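This report refers to the structure that appears directly beneath it.
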Amino acid sequence: MGFVYSEVFIALADLNYGTLVDFYQSLFQQEPTVVIPNVYAEFQLIGLRLGIFNPKADHQLEFQAASSGGMSLCLEVTNLEDAIAHLMQLGYPPPGTITTASHGREIYAYDPAGNRLILHQATKK
């Protein structure tokens, strides 16, 4: 059956977070709907949710890699372990370990073309 996801969106990582947020704010002519200063901004658009974030220090090289760059396909999952097991069945196990952020637990994985997937399970409130 695979894993269950509740949302899919695109996220852009950039060390010049503020410049990127300003650019998209001007491009879309709207304020972000979610803002965590110097960490994360999110724009809710018709048919697209775009998140922009400043990667943590221990992830910065990941988002500068030529193979995957700063764009990620983010999959909000209901159970992170099930999502990891599904990727393993497909033959694409995540190379790293689960990390914990203020918004929940996540792990990076890659599709056959090397595009980054961020599987994320939100913290239960």
Side-chain angles (χ1 to χ4, degrees):
M1 176 177 159
F3 64 93
V4 178
Y5 62 90
S6 59
E7 252 184 297
V8 178
F9 65 98
I10 294 172
L12 303 174
D14 194 62
L15 299 179
N16 295 315
Y17 160 86
T19 301
L20 201 58
V21 170
D22 290 345
F23 171 81
Y24 280 102
Q25 185 170 318
S26 296
L27 179 68
F28 300 143
Q29 298 181 6
Q30 72 179 53
E31 297 285 324
T33 54
V34 176
V35 175
I36 301 171
N38 299 312
V39 175
Y40 184 78
E42 184 176 292
F43 295 89
Q44 183 68 52
L45 309 165
I46 298 171
L48 174 69
R49 184 172 144 203
L50 176 66
I52 300 170
F53 66 100
N54 186 3
K56 291 182 176 182
D58 58 343
H59 287 139
Q60 289 180 358
L61 289 178
E62 165 71 22
F63 291 98
Q64 294 172 345
S67 63
S68 54
M71 187 174 291
S72 303
L73 181 61
C74 300
L75 305 170
E76 181 73 34
V77 301
T78 55
N79 184 295
L80 191 55
E81 286 75 12
D82 288 349
I84 292 167
H86 185 65
L87 283 171
M88 292 175 75
Q89 282 181 331
L90 295 174
Y92 294 93
T97 59
I98 296 172
T99 60
T100 302
S102 60
H103 54 278
R105 299 180 320 130
E106 61 188 29
I107 193 164
Y108 300 157
Y110 301 88
D111 70 13
N115 298 302
R116 181 184 313 99
L117 308 174
I118 299 178
L119 284 70
H120 174 263
Q121 181 179 345
T123 303
K124 295 179 181 174
K125 294 179 181 182

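Owing to the predicted nature of the structure, the values given are computational and were not obtained by experimental measurement. Every heavy atom of this structure was used, including side-chain atoms; hydrogens, water molecules and symmetry mates were not.
Contacts classified as salt bridge (charged side-chain N to carboxylate O under 4.0 Å, His left out) and involving residues 88-113 (residues at least two apart or in different chains) are given here: Glu81-Arg105.
Pairing each heavy atom of Met88 with each of Pro93, the nearest pair is CG-CB, 3.6 Å. Residues Ile107 and Gly96 approach most closely at CD1-O, 3.7 Å, considering heavy atoms. For the residue pair Ala11 and Cys74, the shortest heavy atom distance occurs at CB-SG, 3.4 Å.
Rounded to the nearest 0.5 angstrom, Asp82 CG and Gln121 CD are separated by 9.0 Å. Distance check: Phe43 CZ to Leu48 CG gives 11.0 Å after rounding to the nearest 0.5 Å. If you take CD1 on Ile118 and CD1 on Ile10, they are separated by 12.0 Å, rounding to the nearest 0.5 Å. Within the model, atoms CG of Leu45 and CG of Leu50 stand 6.5 Å from one another, a figure rounded to the nearest 0.5 Å. In this structure, OH on Tyr108 lies 11.5 Å from CG on Leu119, to the nearest 0.5 angstrom.
Within the 3.5 Å criterion, the main-chain N or O of Met71 finds a donor-acceptor partner in the side chain of Arg116. Judged by distance alone, the side chain of His120 and the main-chain N or O of His103 form a donor-acceptor pair under 3.5 Å.
Within the 4.5 Å cutoff, the side chain of Asn54 has heavy atoms near those of the Leu15 side chain. Residues Ile36 and Phe53 fail the side-chain proximity criterion, which asks for heavy atoms closer than 4.5 Å. Taking 4.5 Å as the limit, some side-chain heavy atom of Thr99 sits within range of a side-chain heavy atom of His59. Two residues are said to be in side-chain contact when any heavy atoms from C-beta on lie closer than 4.5 Å; Leu73 and Asn115 fail this criterion.
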Counting only pairs under 3.5 Å, give me each side-chain donor-acceptor contact of residues 18-30, with atom names and distances, residues two or more places apart or in other chains.
from	atom 1	to	atom 2	distance (Å)
Gln25	NE2	Glu31	OE2	3.0
Ser26	OG	Asp22	O	3.2
Gln30	NE2	Gln44	O	3.4

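Remark: Tyr40 pairs with Glu42 by the side chain to side chain donor-acceptor pair (under 3.5 Å) rule, at least two apart or across chains.
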Given the rule in the side-chain contact (heavy atoms from CB on, under 4.5 Å) test, do Val39 and Tyr17 qualify, once you have shown the distances and angles that lead to the verdict?
CA-CA 8 Å; Val39 175; Tyr17 160 86; 5.8 Å; no

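Note on Val8: it clusters hydrophobically with Ile84, by side-chain heavy-atom contacts below 4.5 Å among ILVMFWY residues.
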